[in-house]
Amino acid sequence: MGSDTNTARDLIHTRIWREEAEADNPFAARAAFCRGYDVFGEMVGNARWTEMLWLLLRDSLPSRAQLDALEALAVALANPGPRDASVHAAMCGAVGGSTAAASLIAALSVGAGRYGGAREVHDAMAMWQQCGHAVEAWRGWSEPQAASPIEVWPERKHVPGFDPHGASLPATVGQLLEALVRIGAGPHTAWLHANLDTVHAAIGLPLTTAGVAACVLHDLGLSPDEGEMLYLLLRLPGAAAHALEQKTGGFKRFPFYPLELQEAA
């Protein structure tokens, strides 16, 4: 009977993760392995955080260029800033006395959609997969897709990765794209940088950070689902930091202008 119990315990593993239990406590791990790598015996103290992120999504370690591109993107996405709706949501939660988890959930929920959110990154990555460099074909991604009759997201209203309310390319987006090309993020990223003016003219809208992120994540070989999840994760540090700041400041020092409502004519 003891051997049967041990066998059952050994079944608690996935392709990503395997643990060996302590002899005296089946709920405590003696060792943990990610894709076969000993996390606490080998990786802790030697591996970079982005290497761990990569291994959670892939069977083998990334190349140096892939790792550098992912780390550069992680730095760029770490804090979307208080102008971003997801960060604003976390700040509102914290200044109102919400728990830490509630503030982060607010950021995740608001930052999940099709306007600068993770679903837009998903859509843009799918667009890259299907259309490649055929910019004219990108226009079709500004329209609702009849192929998905059951859709939990609002209908598409603009080409994903581009700002429907923007006028010109933000300096920070241009700097991010240039840095990623310099690092060697991949061929699609290099093409986008080289053809940025042509793309802008064809789409009629400026590129966004979400658009750059989608291109780089596509270059890294991630699926749209993986890119969507990673985009949600990488933007949380800034939401957390701003929430903590607002929790101690109080609503009287909230850094946003008061809402002005106009009376109906």
Side-chain angles (χ1 to χ4, degrees), residues 50 53-54 57-60 62-74 76-77 112-149 151 153-166 168-170 172-232 234:
T50 42
L53 279 181
W54 186 276
L57 298 173
R58 289 292 176 270
D59 289 334
S60 58
S63 67
R64 179 57 185 267
Q66 289 174 320
L67 187 62
D68 288 345
L70 180 57
E71 191 155 293
L73 184 62
L77 298 181
R114 277 186 161 151
Y115 178 60
R119 195 62 185 181
E120 180 167 8
V121 171
H122 174 283
D123 291 345
M125 292 180 69
M127 183 179 72
W128 275 104
Q129 281 186 342
Q130 295 183 24
C131 303
H133 299 168
V135 179
E136 290 301 321
W138 294 6
R139 291 180 176 275
W141 286 77
S142 64
E143 303 170 358
Q145 302 298 301
S148 301
E151 178 67 85
W153 302 100
E155 292 183 345
R156 299 173 184 168
K157 295 183 178 179
H158 67 281
V159 177
F162 294 84
D163 186 356
H165 304 296
S168 61
L169 182 74
T172 53
V173 176
Q175 289 174 323
L176 173 59
L177 190 57
E178 289 177 5
L180 289 163
V181 170
R182 188 169 60 249
I183 290 170
H188 297 295
T189 307
W191 178 89
L192 181 60
H193 179 256
N195 295 274
L196 196 54
D197 291 339
T198 302
V199 170
H200 188 174
I203 302 300
L205 301 171
L207 186 69
T208 65
T209 299
V212 176
C215 184
V216 173
L217 293 170
H218 176 65
D219 260 335
L220 291 176
L222 299 180
S223 70
D225 287 341
E226 291 168 337
E228 179 180 21
M229 191 72 78
L230 199 56
Y231 191 75
L232 284 170
L234 293 178

For residues [X] and [Y], determine if any side-chain heavy atom of one lies less than 4.5 Å from a side-chain heavy atom of the other.
{"X": "V173", "Y": "T209", "result": "yes"}
{"X": "W191", "Y": "V199", "result": "yes"}
{"X": "R58", "Y": "L222", "result": "yes"}
{"X": "L70", "Y": "L230", "result": "yes"}
{"X": "L53", "Y": "L234", "result": "yes"}

Any donor-acceptor N/O pair, [X] side chain to [Y] backbone, under 3.5 Å:
{"X": "R156", "Y": "D123", "value": "no"}
{"X": "E120", "Y": "P160", "value": "no"}
{"X": "W138", "Y": "G132", "value": "yes"}
{"X": "S142", "Y": "K157", "value": "no"}

First locate atom [atom1] of [X], then atom [atom2] of [Y], and finally report the distance between them rounded to the nearest 0.5 Å.
{"X": "S223", "Y": "M229", "atom1": "OG", "atom2": "CE", "result": "9.5 Å"}
{"X": "S168", "Y": "L207", "atom1": "OG", "atom2": "CG", "result": "12.0 Å"}
{"X": "L169", "Y": "L177", "atom1": "CG", "atom2": "CG", "result": "8.0 Å"}
{"X": "R114", "Y": "W153", "atom1": "CZ", "atom2": "CH2", "result": "8.0 Å"}
{"X": "E178", "Y": "I183", "atom1": "CD", "atom2": "CD1", "result": "12.0 Å"}
{"X": "H122", "Y": "E226", "atom1": "NE2", "atom2": "CD", "result": "10.5 Å"}

If I compare all heavy atoms of L232 with all of A118, which pair ends up nearest, and what's the gap?
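Heavy atoms of L232 and A118 come nearest at CG-CB, 3.5 Å.
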Quick check: closest heavy atoms across Y231 and A210, and the distance to 0.1 Å?
OH-CB, 3.7 Å
What do the steps show when you test D219 against W128 for side-chain contact (heavy atoms from CB on, under 4.5 Å), and what is the final call?
CA-CA 10 Å; D219 260 335; W128 275 104; over 6 Å; no
Between V135 and N195, is a side-chain contact (heavy atoms from CB on, under 4.5 Å) present by the stated rule, with each step listed?
CA-CA 10 Å; V135 179; N195 295 274; over 6 Å; no
Show, in sequence, the C-alpha distance, side-chain angles and deciding distance for W54 and L67, and conclude whether the side-chain contact (heavy atoms from CB on, under 4.5 Å) test is met.
CA-CA 8 Å; W54 186 276; L67 187 62; 5.5 Å; no
Would V181 and T189 count as a side-chain contact (heavy atoms from CB on, under 4.5 Å) here? Give the steps.
CA-CA 6 Å; V181 170; T189 307; 4.0 Å; yes
Plane angle bin for H218 and H188 - parallel if under 30°, tilted between 30 and 60°, otherwise perpendicular:
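Because their plane-to-plane angle lies in the 30° to 60° range, the rings of H188 and H218 count as tilted.
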Determine the interplanar angle of the Y115 and H158 rings, folded into 0 to 90°, and report it as parallel if under 30°, tilted if 30 to 60°, perpendicular if over 60°.
perpendicular
